[in-house]
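Here's the structure we're looking at; comments come further down.
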Amino acid sequence: MKEINLLFTDLDSTILDENYSFKESAIETLQNAYSKNFVIVFTSSKTFKEEQHFAIKLGIPIIYTVENGSAIYIPENVFEKKSSKMGCRKIVLSSLSITYIRKILFRLQDIYSDLKFYENSSLDEIEKFTGLSPHLAKLAKMREYTETIFKGYSNRVEEDLISNGIFPQKGSRFVTIGDRTDKGKAAKKLMSFFKNNGYIIKRTIGIGDGPNDISLLKAMNEPYIIGDKITLERARVIEHFSEIHI
Ligand SMILES: [Mg+2]
């Protein structure tokens, strides 16, 4: 049996700052964890294409759980370091189509005219709402399972979404809506995947900062919280990545 460790991390306001750059020592910490037999798992509300953009900057193999636990992408090079195969296994947890979610949102827009989300926003507007660069805004718009509401979210909008089987999750900045899956469910699914493939998981570290990270942190043996937006009794609250015990 092969032994591995898993390190799940959120991106926005966790390893990335408000300008979407890596925070000080975040890259070194993840590279150090990788060298100590950790598989690094991005766990964010971002799209696959956005997560890939940040993984390239790290220069190590990454597993991607995308759009708040809607799907998991497992590249071949995570298992075989010298693999020339560019393939990616994919596990999908969401059973809602993006077309359905958008159809409901456009229907709600007729009632709540100030409602703004990716599909009814121009790239310019997305850049203004999110602070993303033009390139990243394009990657963020390539959504497969969820939508993000930038403006006009209210209790009534929430009720209407839920009555149509669409569920909201608050991230560090916006509300993302989709199927009733979450980062914790995706983490557990990935852990089962490793166990079913003959691995023993020794340690699980999770790092997050927003309400949508709670389910992830609860599923971890070693949960870490950055900042003061959330609390979890078992979790260690840290300011710098150097405080993470790798
Ligand atoms: Mg966050």
Side-chain angles (χ1 to χ4, degrees), residues 4 6-12 14-15 39-55 61-79 87-105 117-119 139-149 158 161-172 174-199 201 204-221 223 230 232:
I4 52 154
L6 295 169
L7 187 154
F8 295 81
T9 183
D10 171 48
L11 297 185
D12 284 347
T14 296
I15 56 170
V39 173
I40 311 300
V41 187
F42 281 177
T43 309
S44 140
S45 57
K46 290 190 177 302
T47 63
F48 174 55
K49 291 285 179 194
E50 285 177 286
E51 291 196 7
Q52 235 182 356
H53 167 92
F54 290 104
I62 299 287
I63 292 181
Y64 311 90
T65 78
V66 304
E67 300 190 46
N68 272 339
S70 295
I72 309 168
Y73 288 83
I74 310 166
E76 300 273 357
N77 66 354
V78 168
F79 298 100
C88 218
R89 295 171 211 219
K90 188 174 174 186
I91 303 169
V92 179
L93 288 89
S94 169
S95 52
L96 288 184
S97 80
I98 187 71
T99 317
Y100 170 74
I101 294 169
R102 286 174 176 159
K103 196 176 89 184
I104 300 296
L105 279 175
F117 46 96
Y118 275 105
E119 195 61 8
L139 302 183
K141 214 174 173 181
M142 294 164 80
R143 313 201 71 78
E144 298 175 284
Y145 308 100
T146 60
E147 255 288 358
T148 297
I149 299 180
E158 183 167 304
L161 287 170
I162 292 171
S163 69
N164 283 287
I166 302 172
F167 296 89
Q169 288 189 66
K170 290 187 177 72
S172 33
F174 303 113
V175 178
T176 297
I177 59 165
D179 201 357
R180 208 199 276 268
T181 181
D182 58 39
K183 294 184 182 189
K185 283 181 189 160
K188 285 177 195 161
K189 191 92 182 168
L190 183 62
M191 289 192 251
S192 309
F193 172 83
F194 273 107
K195 285 176 194 158
N196 294 339
N197 281 279
Y199 286 85
I201 302 168
T204 53
I205 292 181
I207 319 168
D209 77 297
N212 62 344
D213 295 318
I214 298 266
S215 64
L216 169 71
L217 297 174
K218 280 185 176 165
M220 300 289 114
N221 293 328
I230 52 169
L232 178 71

Are the side chains of [Y] and [X] in contact, using a 4.5 Å heavy-atom criterion?
| X | Y | result |
| --- | --- | --- |
| D179 | Y145 | no |
| L216 | T65 | no |
| K189 | L93 | yes |
| I62 | F54 | no |
| I74 | L190 | yes |
| E51 | V66 | yes |

Please enumerate all residues that pass side-chain contact (heavy atoms from CB on, under 4.5 Å) together with [X], with sequence neighbours excluded.
| X | result |
| --- | --- |
| S215 | D182, K183 |
| K103 | R107 |
| N197 | R89, F193, Y199 |
| S97 | T99, Y100 |

What's the verdict on side chain to side chain contact (heavy atoms under 4.5 Å, CB included) for T148 and R143, showing C-alpha distance, side-chain angles and the deciding distance?
CA-CA 9 Å; T148 297; R143 313 201 71 78; 3.9 Å; yes
Taking all heavy atoms of [X] and all of [Y], pick out the closest pair and write down the distance.
| X | Y | value |
| --- | --- | --- |
| Y118 | A140 | OH-CB, 3.4 Å |
| N77 | P61 | OD1-CB, 3.6 Å |
| N212 | S45 | ND2-CB, 4.3 Å |
| D209 | I230 | O-CG1, 3.6 Å |
| A219 | G184 | CB-O, 4.5 Å |
| A55 | F42 | N-CE1, 3.7 Å |

Distance, nearest 0.5 Å, that separates [atom1] of [X] from [atom2] of [Y]:
| X | Y | atom1 | atom2 | value |
| --- | --- | --- | --- | --- |
| E67 | S44 | CD | OG | 9.0 Å |
| I15 | D10 | CD1 | CG | 8.0 Å |
| M220 | L7 | CE | CG | 9.0 Å |
| I4 | I201 | CD1 | CD1 | 5.0 Å |
| F174 | I149 | CZ | CD1 | 11.5 Å |
| I214 | L217 | CD1 | CG | 6.5 Å |

Which residues pass the side-chain hydrogen bond (donor to acceptor under 3.5 Å, both in side chains) test with [X], sequence neighbours left out?
| X | value |
| --- | --- |
| Q169 | none |
| T47 | E50 |
| S192 | none |
| T9 | none |

Mind checking salt bridge (Lys or Arg N to Asp or Glu O under 4.0 Å) for [X] and listing every partner two or more places apart, or none if nothing turns up?
| X | value |
| --- | --- |
| E147 | R102 |
| K90 | E144 |
| D12 | K46 |

Within a radius of less than 6.0 Å around NZ of K185, do more than 12 heavy atoms belonging to other residues, nucleotides or ligands occur?
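Atom NZ in K185 is packed in, count exceeds 12.
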Would you find more than 12 non-hydrogen atoms of other residues, nucleotides or ligands less than 6.0 Å from K141 atom NZ?
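Buried by this count: over 12 neighbours within 6.0 Å.
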Stepwise side chain to side chain contact (heavy atoms under 4.5 Å, CB included) check, I72 with V41:
CA-CA 9 Å; I72 309 168; V41 187; 5.9 Å; no
I104/I166 under side chain to side chain contact (heavy atoms under 4.5 Å, CB included): CA gap, chis, key distance, verdict
CA-CA 9 Å; I104 300 296; I166 302 172; 3.8 Å; yes
Are the side chain of T181 and the backbone of G69 linked by a donor-acceptor contact shorter than 3.5 Å?
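Yes: the side chain of T181 pairs with the backbone of G69.
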Does any N or O in the side chain of T204 come within less than 3.5 Å of the main-chain N or O of N221, such that one atom is a donor and the other an acceptor?
yes
Listed by chain and number, what are the ring-ring contact (aromatic ring centres under 6.0 Å, His included) partners of Y64, not counting sequence neighbours?
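Partners of Y64 under the ring-ring contact (aromatic ring centres under 6.0 Å, His included) test: F48.
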Between Y73 and I63, does a side chain to side chain contact (heavy atoms under 4.5 Å, CB included) hold up when you go through it step by step?
CA-CA 6 Å; Y73 288 83; I63 292 181; over 6 Å; no
